[in-house]
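Worksheet for the structure shown next.
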Amino acid sequence: MSNLNNENVPAPAVAPSDFIRDIVAAHVAENRYPRIHTRFPPEPNGYLHIGHAKSICLNFGIAREFGGICNLRMDDTNPTKEDIEYVDSIQADVNWLIGDWAEDRLGLKPLGKTPETKLVNEKPDFQMAPIFGTSEVERKNSDAKFEPFYASDYFDQIYEYAVALIKKGKAFVCDMTPDQTDEYRRTGKASPFRDRSVEENLDLFTRMKNGEFQDGSRVLRAKISVDAPNIWLRDPLLYRIKHAEHHHTGAKWCIYPMYDFAHCLSDYIEGITHSICTLEFEVHRPLYDWILENLDLPRPLPHQYEFARLALGYTVMSKRKLMQLVDENLVTGWDDPRMPTISGIRRRGVTAAALRAFAYNIGITKYNGLTDVSVLEFAIREDLNKRALRRLAVLRPLKVVITNYPEGQVEEVKATNNPEAPETGWRKVPFSRELFIEQDDFQETPPPKFFRLKPGGEVRLKYAYIIKCEEIIKNAAGNIIELRCTADLESKMGGATAGRKIKGTIHWVSAQHAVDAEVRLYDRLFTVPEPDADGDFKTHLNPHSLEVITAKCEPAMLEAVPSERYQFERLAYFALDLDAKPGKLVFNRTITLKDAWAKEAQKK
RNA sequence: UGCCCGAUGGUGUAACGGUAGCACAGCAGACUCUGAAUCUGUUUGUCUAGGUUCAAAUCCUAGUCGGGCAACCA
């Protein structure tokens, strides 16, 4: 797969510039940190999607451009929603996306390693340093095993920090019900438990940890303010009780830290310098800072920066909605090629390089826009045009008999593998008396400007002869089932009349040599640009988002491999699907070629 | 409703007080043994109103519109 990432595809000419990179560049210029350190912290509660790809490209891109590191971290503080399946898929997707590009910037840790306690400026400090700078291949060949970081690996340390806040009188155990807590926070009233003694808080928090209390009966809250304008500063929750097994820590804990408490501390423990997240966390930033600033931490503190998440036309992006599509079998799985998930996009045949180019092209801002799918489609086509091997295949066959071509004769014509990459050479394609052409390439009563095959008209068969349609044969129902044509037998490449100017050139396959392939034609999943703008997004599902047909391919397709990309000439780009087996070709249509004729024909 | 954030062609972005540029999309043309690719040309824009300044997309004030947050989710 590695050759798919860079070969033949130019890197973006200039490194992108945006407000976050500007900030990082300024910090580098003033030597604020010994090294730039970002992180990509997904919660393992679903598969990664193209919005995450934007974040991955940002965080790893910065690490790459500024000589830094980007940690992969599972933000796993809620055991009831998370699962090991997602941990595995996240790793696979990240490795695929950054492979050959920022792989050497990926921060991982030795398997099973937990934070070390060190003395910094005479203060105890928890640290979790990454290993990095090894490629995936090197890691696989090494005896040592590596894994991503897990917020759950810091539960001991985060607990210690909670105790420290309690001891400073900056956190308290609250016994109100969830509803009461909501009510009090909304109205700016102080919890009746706010002024418990340090001793009582310590005792209660220990007993929370020891499992003496029911879920929901008590929480640990920071003591910041009862009526701050920013709700997140109104004595926010730090810990809640959940008697649940955790996919990574097992049954060790029955209290789990909230996102706000765990995230900033995880960043600190890992030595993150720039904690980049999406806009909805903007209002959490004061809390992020408050926690870190109230703990007497000896090392430089990380800072949070926010950017706008990706919204893409004709799809949905929330994990909840994507999971609904999966659970209700509206798609075949998280990696269904119609899904905006990284695994779906990959299965569809899009390369990592194309996805990265897309991420670069859309930029990073704080403006919540809706990116047109054409931007994604352009990145995919541009990438595939340069790398895809050209092949002849007919999706909807129409039989053609060349009446002046000898029965039983077979010849092989030379066909270019990829005009964009001449070094890929050429192959032989068999030609014979009976062929298949595309049904769309013939019209009995053609509209104006139709320069394909028509009665009495001529067209060039790509790499072969110019043919003329002499006769149409129909069945009893009146449908065209066969065309009788004559060929200009001197018009093949190098022939006497090869230079004749014929407006149309069409693709074909020799009937007796054609191989069948299952072809899955995908279209957008939804019929409207913003499926979740109103009501139920599922009412906007495109009923024609998948069509499965059997295509007739030139015999070279028998040698198709998953790592390659193919262009069925004049039609679309295709990639071999996971479901393909020896003797059973299955192709996914990644994306169609641009079709100027379809546009022209629509103008009527 | 409170708090926070944002607003540049159809879409996504750049311009960091000094010529509003790029990409996608669109349109027109050239070329073409892929109606692809490539090449050329081109339509379209600074939310509004005040202010500061020789000069404002940029700074200030107000408004308008849009988004986010107000989970014992992240």
Side-chain angles (χ1 to χ4, degrees), chain A residues 16-19 22 41-43 45 75-78 80-82 151 174 176-178 181-182 185-186 188 215-221 228-234 237-242 255-256 258-260 262-263 277-286 306 308-309 311 313 319-320 361-379 381-382 385-386 390 392 415-416 419-420 449-452 459-464 466 491-493 498-507 529 567-572 592-601:
Chain A
S17 163
D18 53 66
F19 75 99
D22 289 348
E43 184 189 15
N45 67 344
D75 203 0
D76 54 351
T77 56
N78 186 354
T80 58
K81 288 191 175 172
E82 296 153 9
C174 179
M176 288 198 293
T177 65
T181 311
D182 282 353
R185 290 187 74 196
R186 203 167 43 241
D215 288 10
S217 60
R218 283 186 169 81
V219 292
L220 182 73
R221 298 174 66 178
N230 181 343
I231 305 262
W232 287 102
L233 259 16
R234 317 242 266 231
L237 278 63
L238 265 22
Y239 262 95
R240 77 286 218 193
I241 302 170
K242 271 183 194 279
I255 56 170
Y256 292 93
M258 299 289 291
Y259 163 84
D260 287 294
H263 202 90
C277 60
T278 44
L279 251 25
E280 65 269 29
F281 294 101
E282 218 163 9
V283 286
H284 294 237
R285 192 182 341 126
E306 310 88 11
R309 63 172 354 131
K319 281 195 220 171
R320 189 181 62 78
N361 291 342
I362 55 176
I364 301 292
T365 64
K366 299 185 76 159
Y367 174 74
N368 277 302
L370 181 67
T371 299
D372 198 297
V373 277
S374 69
V375 180
L376 209 214
E377 293 174 343
F378 172 80
R381 287 195 180 103
E382 187 183 45
N385 176 49
K386 290 184 181 104
R390 272 55 171 178
L392 296 179
T416 307
E420 303 285 330
K449 293 188 191 170
F450 183 84
F451 41 86
R452 302 177 186 181
V459 77
R460 182 182 295 279
L461 297 175
K462 179 102 184 174
Y463 305 124
I466 295 167
S491 62
K492 204 174 69 169
M493 196 89 70
R500 283 174 60 200
K501 291 290 174 208
I502 299 292
K503 189 65 176 161
T505 299
I506 65 172
H507 58 279
Q567 183 199 99
F568 293 178
E569 292 212 50
R570 302 208 310 130
L571 297 171
T592 60
L593 255 37
K594 271 175 68 174
D595 190 348
W597 168 243
K599 207 175 289 172
E600 180 68 32

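Quantities reported herein were computed from a predicted structural model and do not represent experimental measurements. Residue numbers start from 1 in every chain, and the chains themselves are labelled A, B, ... in the order their sequence lines are given, proteins ahead of strands.
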(message) Within the 4.0 Å limit for protein heavy atoms, which parts of nucleotides 65-74 of chain B are touched? Write it as a string from 5' to 3', B for base, S for sugar-phosphate only, - for none.
(response) --SBSSSBSB
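To the nearest angstrom, C1' of B:U11 lies 12 Å from CD1 of A:I362. For the pair A:L233 CG and B:G2 P, the computed distance is 19 Å after rounding to whole Å. The CG-P distance, from A:D18 to B:A23, rounds to 19 Å in whole Å. Regarding A:F378, its CZ atom lies at a distance of 19 Å from the P atom of B:U11, rounded to whole Å. A straight line from CD1 of A:I502 to P of B:G35 spans 14 Å, rounded to a whole angstrom.
Using a 4.0 Å heavy-atom criterion, one finds that A:F19 contacts no nucleic acid atom at all.
Spacing of P atoms, B:A15 relative to B:C47, comes out at 16 Å, to the nearest Å.
Consecutive Watson-Crick or G-U pairs involving RNA chain B, each under 3.5 Å on both distances, make up stems of three or more pairs at B:1-7 with B:64-70, B:10-13 with B:21-24, B:26-30 with B:38-42, B:47-51 with B:59-63.
At the phosphate of B:G35, OP1 or OP2 sits under 4.0 Å from a side-chain N or O atom of A:R570. Remark: A:T371 is not in phosphate contact with B:G12, judged by side-chain N or O atoms under 4.0 Å from OP1 or OP2.
The side chain to side chain donor-acceptor pair (under 3.5 Å) search around A:N368 returns none, not counting sequence neighbours. Judged as a ring-ring contact (aromatic ring centres under 6.0 Å, His included), and not counting sequence neighbours, the contacts of A:H263 are A:Y259. Contacts of A:E282 classified as side chain to side chain donor-acceptor pair (under 3.5 Å), with partners at least two apart in sequence or in another chain: A:K366.
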Collect all protein-nucleotide pairs involving nucleotides 15-21 of chain B in which both atoms are nitrogen or oxygen and the distance is under 3.5 Å.
{"unit_1": "B:C16", "atom_1": "N4", "unit_2": "A:D22", "atom_2": "OD2", "d": "3.2"}

